[in-house]
Amino acid sequence: MKEYDFRSVEKKWQKKWVEEKSFKAIDFHPTKPKFYVLYEFYNISGNLHLGHLKGTVPADALARYKRLQGFNVLFPIGGDAFGLPAENAAIKKGINPHDFVAAGMNSVVEQSKALGLSFDWDRTVCTSDPEYFKWTQWIFLQLLKNGKAYKKKGVVNFCPHCQTVLSNEDSQGGKCDRCGGDVVQEDRWVWFLKMKEYSEKLLENVQRINMAENLKDAQRNWIGKSEGMQVAFDLFDAQENKLGQIEIFTTCIETIYGITFVVLAPENELVDKFKNQISNFDEVMEYRKKTALRTEFERMSDTKQKTGCKLEGLHVVNPVNGAKVPVFLADFVLSGYGTGAVMAVPTHDQRDFEFAQAFGIPMIQVIEGDVSKAAVEKKEYLAKNSLMMNSAEFTSLPVKEAKEKIAQKVIEMGAGRRQTNFKMQDWPFNRQRYWGEPFPVVFCPKCGTVPLDESDLPLVLPQTDDYLPNANGDSPLSKIESFVNCKCPKCGGAAKRETDTMPNWAGSSWYWLRYMDPHNNDALVDIEKAKYWGSVDVYTGGTEHITRHVLYAFFWQNFLYEIGVVPTKDPFVRKMGSGLILDDTGKKMSKSSANGVSPLEVIEKYGADAARLHLHFLGGYEDNTPWTYDGITGITAFLDKVWQLQDMIEGEEVCKQHVFMLNRLIKKVGEDLEDLKLNTCISAFMIFIKKIRDDGFITKDELRQFLLLLNPLAPHITSEMYQQVFGSQILDDKWPEYDEKFLVEDEINLPVQVNGKMRQVVKVSKTASQEDILKLLCEKHPDIFSEGEQLKKVIFVPGKIINLLK
RNA sequence: GCGAGUGUGGCGGAAUGGCAGACGCACGGGACUUAAAAUCCCGAGGAUGAAAGUCCGUGAGGGUUCGACUCCCUCCACUCGCACCA
């Protein structure tokens, strides 16, 4: 047997798989059940690095395993190419984004093929391809027509470096997700998608999906459901004229008798409305200006330093006791959450406590506890169910009871109602950048905002050399006269196009649907095909997009379901978040930090099978794994031993000597592949092969089954060996099945404990009774148990352990 | 601050109530070789012992149990997510 030459063998099979379309998914397969495996498609902003393999290889192994099991597997790939990441990368390299993306797409395809990934290449899509984004634009039109998209001037996150508006999801922690710079708050015209309206539905998606609990928590936390009350306070001027009402949101209605002030977010429009009644208006405007200049990051980092400004000349009245209460502006109140106004109870809310101290506002304690140094907060007083004080007829009641009774009273008075709020905001959907989907919308002086006719899609992105972002944050498209000036689709008069583009998350919010029907010119997906392929069965990829892409995906899928375009509310049945590959300093390996090791480098040195196995032998799927070449010789030695099995064939059928361990291997490999536990799966193969080598032979059928089992992980070497030994293609064979009856060994090693301490291991029959074992101990290990010895108790778990208590 | 998670040999990591350290790397010994590399075989948590064995051992301390890496409580360290969300 000549040595295994991975270079020629791997190339041969990769070529064959592509040419023969070996992994083509069949729509409406007459007999095979469908199985949809998805990997989070490639972001076209750089080369592949080893981090990508953390998601692709397990998905590939699962797809190959399911195919051998007889499923009609859909395993597609594509490119996420529009948006900031690609554009920034292109600008950095000085290449036009069109060319950059074309080259990038080509590169990831070639690298995927070199890894032996079994994608269906006829279904590849790219989000910046007009054939694709035609349907992204189409979805936007449906959102607009169904009242789920609106344009509004509002205070939003803006990145001065990237010169664009960002969503909350893109500016977590007050930092731009793309450049890491500080995000500021700016007043801008923004296209919003009504994602907030879908909060409950998204929570249901989270409930239904099969996913790690910590990831679900992150999503629930992001959506941020909170149940409380909305209460109206009458607003008066200095002469006691009623001006209107201020509505506040609270989850602590039980503290309402302790209110000593009310706080509005600095942006609150009541300030403008009643400017004539505010005697210190200049001071107020100055405070407003000051807070607007603070970055989100600054606002968050000094939370102990409360700032604010009293609205002199205005006050509100507490509806439950008629108390006169002053009104402040302060930036610890967020305009986007609840009503942008809060009732402040310094004795029972730490923020209010700090604010009251800073501004010398009196405090009223309404629940028992020590409020001399800090507020006694909800968490504490609810846990203790402390007693009420200073709260009229509710004084001396336990707080839990009082909470309900006070709520009732406020409702009966007509001053408030129960209200559920969500942290998640509507999705700011436009970017002031060139490289994105143009909005299919025009502004007509006569007709207002007019959507393009669906037949005019796609609205393509005009070619230009002047695509750099503008200093004042206007889209580069606004400079292209031929694009901007157009005719109104409604009245035919002169009109102007929207010149902002959609965010990078637009194209990725529905791409799994397009794979089901990638070449359809009449619909984003044929409804019958969508019914056939259903939801993605297993979705692999990183966890960093869990509160962004995955929530956007839930949102769009729900919307498309409501308008009858797709048959299910759930895009994914199961989402499996992969860990990261870390470099030698413990940092995440990524395209942006330029520490990525190219898979091609590993493939060149050791081969694709070795690269696939080694990376996943290093650690579990969900764990962060430090990358190293150390240990890869163990993998190459293993593959050499696999190759040598061809020389060890003796006999035909599975032999008695090997039947137990072969069945055990089949069971273990199947279970581990379902859960993407590639590391323990690989070790199971190593244990098996060691035993075969000890015995010195393998039968022909044992080898056949072994190759099938290993094929999902190491497809090249197993395909070659199978062809050489059996003369046919491994892909035409079927996954082996195990039989429970072969999984029980006749003889087992039974641990013997004395008083809970391990003393001995005895070999006994699997059916041995307690008496049998005690008898055996008398004969062979009298030091542990001898004839006639008194035992206090014996714990015997058949097949597991025996524990003698003396 | 809130939420979640992790902590096991020299290293990557197995084991989710029943033989801790599977499997692999590095390491030591042996075979092959003039020699080295490669390959193959054997050994190996720590302490003690010639050995059989004994004791200790999964971040620290306590608890539940016949039996705990595994379950519960307290604490320490690290990682991640969210963060003035009323």
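The model shown is predicted, which means the values in this text are computed figures rather than measured ones. First the proteins, then the strands, lettered A, B, ... as listed; each starts at 1.
Residues of residues 416-428 of chain A that place a heavy atom closer than 4.0 Å to RNA chain B, in numerical order, are A:Lys423.
Heavy-atom neighbours of A:Glu747 CD from other residues, nucleotides or ligands within 6.0 Å: above the threshold of 12.
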Below 3.5 Å between N/O atoms, which protein atoms pair up with nucleotides 18-24 of chain B? Just atom names and distances, please.
unit_1	atom_1	unit_2	atom_2	d
B:G18	N2	A:Gln753	OE1	3.3

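Scanning for ring pair (Phe, Tyr, Trp, His ring centres under 6.0 Å) contacts around A:Phe233 gives an empty result, with sequence neighbours left out. Applying the ring pair (Phe, Tyr, Trp, His ring centres under 6.0 Å) rule to A:Phe261 yields the partners A:Phe328, A:Phe355; only residues at least two apart in sequence or on another chain are considered. In this structure, A:His616 has no ring pair (Phe, Tyr, Trp, His ring centres under 6.0 Å) partners at least two apart in sequence or on a different chain. Residues satisfying the side chain to side chain donor-acceptor pair (under 3.5 Å) criterion with A:Lys641, sequence neighbours excluded, are absent altogether. Residues that satisfy the side chain to side chain donor-acceptor pair (under 3.5 Å) test with A:Asn663, not counting sequence neighbours, are absent from this structure. Remark: A:Lys766 engages A:Asp746 in a salt bridge (Lys or Arg N to Asp or Glu O under 4.0 Å) (not counting sequence neighbours). For the ring pair (Phe, Tyr, Trp, His ring centres under 6.0 Å) test, no residue two or more places apart in sequence or in another chain qualifies with A:Phe554.
Distance from the side chain of A:Phe332 is smallest for B:C84 among the nucleotides B:A83, B:C84, B:A86. Closest to the A:Tyr337 side chain, of the nucleotides B:C85, B:C25, B:A4, is B:C85.
Within the structure, the salt bridge (charged side-chain N to carboxylate O under 4.0 Å, His left out) test picks out the following pairs touching residues 218-227 of chain A (sequence neighbours left out): A:Glu200-A:Lys225, A:Glu213-A:Arg220, A:Asp217-A:Arg220. The salt bridge (charged side-chain N to carboxylate O under 4.0 Å, His left out) contacts involving residues 617-635 of chain A comprise nothing, where partners must be two or more places apart or lie in separate chains.
Using a 4.0 Å heavy-atom criterion, one finds that A:Lys757 contacts the sugar-phosphate atoms exclusively. Residue contacts for A:Arg759: at a heavy-atom cut-off of 4.0 Å it reaches the sugar-phosphate backbone alone, with no base atom in range.
Comparing B:G53 with B:A4, their P atoms are spaced 47 Å from each other, to the whole Å. Comparing the same atom, C1', in B:U74 and in B:C56 gives a spacing of 25 Å after rounding to whole Å. Taking the C1' atom of each, B:U6 and B:U70 are spaced 14 Å apart, rounded to whole Å. Comparing the C1' positions of B:C71 and B:U79 gives a spacing of 24 Å, expressed to the nearest Å. Comparing the same atom, C1', in B:A77 and in B:A26 gives a spacing of 27 Å after rounding to whole Å. Nucleotides B:G3 and B:A15, compared at atom P, are 29 Å apart to the nearest Å. The separation of B:G59 from B:A83, taken at their C1' atoms, amounts to 28 Å, rounded to a whole angstrom. Distance noted for atom P between B:G61 and B:C69: 13 Å (whole Å).
Both A:Cys252 and A:Leu215 lie close to RNA chain B; mapped to their nearest nucleotides by heavy-atom distance, the more 5′-ward contact belongs to A:Leu215. Mapping A:Glu213 and A:Lys378 onto RNA chain B via the closest heavy atom, the residue that lands nearer the 5' end is A:Glu213.
Residues A:Tyr381 and A:His348 place their aromatic rings such that the two centres sit under 6.0 Å apart.
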Which string of ( ) [ ] | and . matches RNA chain B, if you list each base 5' to 3' and count Watson-Crick or G-U pairs only when both distances are under 3.5 Å? (((((((..(((.....[....))).(((((.......))))).((((....))))..(((((..]....))))))))))))....
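Between A:Arg220 and B:G81, a side-chain N or O to OP1/OP2 separation shorter than 4.0 Å is absent.
Within the 4.5 Å cutoff, the side chain of A:Val754 has heavy atoms near those of the A:Ile784 side chain.
By the rule that a glycosidic angle within 90° of 0 means syn, B:G9 counts as syn.
With hydrogens and angles ignored, a donor-acceptor pair under 3.5 angstrom links the side chain of A:Lys306 to the base of B:C84.
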